[in-house]
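A quick write-up on the structure given underneath.
All values below come from the heavy atoms of this structure, side chains included, with hydrogens, waters and symmetry mates left out.
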Amino acid sequence: GVTPAKFFRILRLAHGHWRLLHSDASIANIADDYQFADASHFTRIYRTFYGITPAQARKLSPKTCRKTMQNLHSDKRVRDILAGGLSILA
């Protein structure tokens, strides 16, 4: 199972990821809005989970970004989250 703390971190990260790809908000604002300590902390967690930095992700189209990140992960659970959202954690 997934601990509540990890679930909420993934949830905040997923929302931040969506906003990163679908808005012009700065990485610092996204980090602040989703309660990460700062942009550096958001970037570190983002890279750990998604395999690329938020700045790298922002340069890709949403579809390309999703495929790129799916290909970087050998963990099926992570690939499923990247492919279809957070329903895998429910």
Apply the test side-chain contact (heavy atoms from CB on, under 4.5 Å) to residues Ile10 and Phe49: give CA-CA distance (whole Å), side-chain angles for both, the deciding distance (0.1 Å), then the verdict.
-> CA-CA 9 Å; Ile10 292 169; Phe49 191 79; 4.1 Å; yes

Non-neighbouring partners of Ala25 that pass side-chain contact (heavy atoms from CB on, under 4.5 Å), sequence neighbours left out = Arg19, Ser23, Ile30

Write down the atom of Leu20, the atom of Pro54, and the distance for their closest heavy-atom approach.
-> CD2-O, 3.4 Å

Nearest-0.5 Å distance that lies between atom CG in Asp38 and atom CZ in Arg44 | 7.0 Å

Donor-acceptor contact present, side-chain His22 to main-chain Trp18, <3.5 Å = yes

CG-NZ distance between Leu11 and Lys6, expressed to the nearest 0.5 angstrom = 14.0 Å

Atom NE2 in His15, atom CG in Asp33: separation rounded to 0.5 Å?
-> 12.5 Å

So Tyr46 and His17, would you call those rings parallel, tilted or perpendicular, with 30° and 60° as cut-offs?
-> tilted

Under a 4.5 Å cut-off applied to non-hydrogen side-chain atoms, are Arg47 and Ile52 in contact?
-> no

Closest heavy-atom contact between Ala28 and Ala39?
-> CA-CB, 3.9 Å

What do the steps show when you test Thr43 against Phe36 for side-chain contact (heavy atoms from CB on, under 4.5 Å), and what is the final call?
-> CA-CA 10 Å; Thr43 297; Phe36 289 91; over 6 Å; no

Looking only at heavy atoms, what is the nearest atom pair of Ala31 and Phe42, with distance?
-> CB-CB, 3.6 Å

Are Ile27 and Thr53 close enough, and set up right, to give a side-chain contact (heavy atoms from CB on, under 4.5 Å), and what steps lead you there?
-> CA-CA 10 Å; Ile27 293 169; Thr53 67; over 6 Å; no

